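Any value given below was found using the heavy atoms of this structure, including those in side chains, with hydrogens, waters and symmetry copies removed. Being a predicted model, the structure only gives us computed values, none of them experimental.
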Amino acid sequence: MKKFAAAYLILATICAIIQLVLGANFPILIALYIISVCGFFSIYSDKLTVASMIYFSICLYSGMFAVVIKTVLWQPVQQNLYNPDTSAIVVFTGHMATTAAFMVAQRFPIRFRAIQNLKQEFDVAGSRTPLFPVMFVIAFILLVLHEHFRPQFTNGNSDAIGGFGGFGAFYFLLVFSFAGQVSRAVSSRARGADTTLAIVMFIMITGLSFAANIKKDVMDAALVVVLIFVFYKLKVKPQYVVGGAVFLIASQFVLAPLIHITRAEQTNKTVAERVDLTMAILRQNNYDFGRINALNDKVYKGFAANYRSSGSYVYPSTANIDRFALILPVDQVTRVNDPGRVTISEVTSLVGQRVLPSVLVSKSPGVLGDIVSWKYGFRTYLTVGRPVVGLSASSFAVGGLPGVIGISFFLMLVVFLVVDLIGGAMTASPWSVAMVVTLSNVAEKEIDALFEILLRNIPLMMVTLAIFVFMARLFYPAAPGRQMPSGGPAYPAPGAR
């Protein structure tokens, strides 16, 4: 990982130098570069933890991605920002508060033996039972049900029409099962059937992305594969590089355009109808992806909130990558120069709606990101999807700069403590990889979403995984001395000495 960290630092430095040549605003460039360097220090270590990987992802979203994206597009980092100096102060202050929380959490870790045992038993059970395929099938069925019954969103995902979204809470099962199967496929004891099954799973996940009209599923699956290659220290072969390049090209020029084009037409359509719509678009354009990408650009320009200098960080580019640069929502909030438009009571109400079941509270489709974006005027126009606001921008909307400092530190301190508790050390195991992928979106979450992760998603995840491990042990009693898939210590059967 140290080689990757060194390459990461070199890339950040080269991009920063190019930005100086492009005439970058110095305060914002310094802020983004320091945040990027923080990411380097978090992974340049022999004792990585899942929490340090999550902190690294926050550094990417808060700094590194913005620097790299703007450099690739040959734009200075302040282009399309209306209040760059104040935005630099807010994003830097928020990240330093998050960094302080991360350092405190790493200094005083919490450990429970039961959770460490669950992690080990999950990895072991997956190596000797059909746990991962069974978990994947159940996860796939639940997510298909989720796509069939979930609320249908209109007007850029701001209004919902009926539906039930509870099945989507089990998305983590898809990640854990796929990570487990890929780990089996790359182990020294792998059989052809393990690799074939992992490939079939990936194809099914890709199909689910098309049916759900979202890229997250397939991108998470790709991230699982990348992390397993890194942490299992696999030899990179030419065919793997070619495969990765093909996937990147396909995701950018095939998957993304088809999803964007069909997104505006999918309301009230079943899963099968969404797949039919995708195939119809392919046939109508004679499978010419040049035409499909041109159509995608035309469609994207119809989302006026995104395709304008005030709403897109990369304008005039039509690349839908604004969510990876959290400096944009910070600027969209600070340019109004009116912190505190969102009240604490509104945040409390939203947290209750996201954490408590619908039988206890009445729920609305809006989340804090919607409230902030409406109150600060960057949802006046139609959007391609629900905007990512992030912690710093949402905290500023609640309490100004003091809110950014206080909320970022105390809330992220709890997040890092909990993530470190359930994730532990970053090892060559499906548990570690799946935890990183499942929780990597912490970087783009607002206040209410972080509470949902802490109070609903993580407890549900841990209880569900414990049940699966219990059922695996019930139906497949442990064999003494069976090895972990990552080559870890032998795991004795219950009662063995």
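Looking only at side-chain heavy atoms (C-beta outward), F112 and I422 stay at 4.5 Å or farther from each other. When side chains are defined from C-beta on, Y313 counts as touching V77, because their heavy atoms get closer than 4.5 Å. Using a 4.5 Å heavy-atom cutoff, the side chains of D220 and Y171 are in contact. In this structure, K216 and N441 have side chains that are in contact, with non-hydrogen atoms separated by less than 4.5 Å. Here the side chains of Y315 and D322 are not in contact, with every heavy-atom distance at 4.5 Å or above. Within the 4.5 Å cutoff, side-chain heavy atoms of P316 are placed close to those of Q75. Under the 4.5 Å side-chain criterion, counting only non-hydrogen atoms from C-beta, M64 is not in contact with C59. Residues F178 and V437 are not in side-chain contact: their nearest non-hydrogen atoms beyond the backbone lie 4.5 Å or more apart.
Residues P133 and L197 come closest through the heavy atom pair CG-CD2, 3.5 Å. Between V218 and T206, the shortest heavy-atom distance links the atoms CG2-OG1, 3.5 Å. Of all the heavy atoms in V330 and S392, the pair that sits closest is CG2-CB, 4.1 Å. Taking all atoms of both residues into account, the shortest heavy-atom contact from S183 to G180 is OG-O, 2.5 Å. Closest of all the heavy-atom pairs between L118 and V469 is CD1-CG2, 3.9 Å.
R111 is linked by a salt bridge (charged side-chain N to carboxylate O under 4.0 Å, His left out) to D420, counting only residues two or more places apart in sequence or in another chain.
Less than 6.0 angstrom separates the ring centroid of Y55 from the ring centroid of H95. The six-membered or imidazole ring of F122 lies near that of F176, with a centre-to-centre distance under 6.0 Å. Aromatic ring centres of Y33 and F92: separated by at least 6.0 Å.
Pairs passing the salt bridge (Lys or Arg N to Asp or Glu O under 4.0 Å) check and including a residue from residues 389-411, sequence neighbours excluded, do not occur.
Checking side-chain atoms of Q78 against main-chain N and O of I28 turns up no donor-acceptor pair under 3.5 Å. K70 places a side-chain N or O within 3.5 Å of a backbone atom of Q79 that can act as its donor or acceptor partner. Listed for the N80 side chain is a donor-acceptor partner under 3.5 Å among the backbone atoms of S312. With hydrogens and angles disregarded, no donor-acceptor distance shorter than 3.5 Å links the side chain of N83 to the backbone of D331. With hydrogens and angles ignored, the 3.5 Å screen pairs a side-chain donor or acceptor of S394 with a backbone N or O of G390. Checked by atom type and distance alone, the side chain of E121 never pairs as donor or acceptor with a backbone atom of R473 at under 3.5 Å.
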Checklist entry - So L391 and I407, side chain to side chain contact (heavy atoms under 4.5 Å, CB included) or not? Walk me through it. => result CA-CA 8 Å; L391 182 58; I407 295 173; 4.1 Å; yes
Checklist entry - S429 and S432: side chain to side chain donor-acceptor pair (under 3.5 Å), yes or no, with the steps? => result CA-CA 6 Å; S429 72; S432 295; 3.2 Å; yes
Next on the checklist: Please evaluate residues F416 and I58 with respect to the criterion side chain to side chain contact (heavy atoms under 4.5 Å, CB included), reporting the C-alpha separation (whole Å), side-chain torsions for both, the decisive distance (0.1 Å), and the verdict.
Outcome noted: CA-CA 12 Å; F416 285 128; I58 295 173; 3.9 Å; yes
Checklist entry - For I138 and V134, what are the C-alpha separation, side-chain angles and deciding distance, and is it a side chain to side chain contact (heavy atoms under 4.5 Å, CB included)? => result CA-CA 6 Å; I138 293 174; V134 170; 4.0 Å; yes
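In this structure, the separation between OG on S57 and CG on L439 is 9.0 Å, given to the nearest 0.5 Å. Atom-to-atom distance recorded for I458:CD1 and I453:CD1 is 7.0 Å, nearest 0.5 angstrom. To the nearest 0.5 Å, the span separating CD on Q120 from OG1 on T427 amounts to 10.0 Å. Between atom OG1 of residue T464 and atom CZ of residue F170 there is a gap of 5.0 Å, rounded to the nearest 0.5 Å. The CD atom of E446 sits 11.0 Å away from the CD atom of E452 when rounded to the nearest 0.5 Å. With rounding to the nearest 0.5 angstrom, the CZ atom of F172 is 4.5 Å from the CG atom of L460.
Taking a 6.0 Å sphere around NZ of K2, one finds it holds more than 12 heavy atoms contributed by other residues, nucleotides or ligands. Applying the 6.0 Å contact sphere to CZ of F41 captures no more than 12 heavy atoms from other residues, nucleotides or ligands. In this structure, F451 places its CZ atom where only 12 or fewer heavy-atom neighbours from other residues, nucleotides or ligands lie under 6.0 Å away. When the shell of 6.0 Å around OH of Y44 is examined, it contains 12 or fewer heavy atoms from other residues, nucleotides or ligands.
Results of the side chain to side chain contact (heavy atoms under 4.5 Å, CB included) test with Y61 over I35, I327, L326 single out L326 as the only residue that passes.
Defined by atom type and a distance below 3.5 Å, a donor-acceptor pair is present between the side-chain atoms of T71 and Q19. Side-chain contact check for T334 and T86: no donor-acceptor pair (N or O, by modelled atom type) lies under 3.5 Å.
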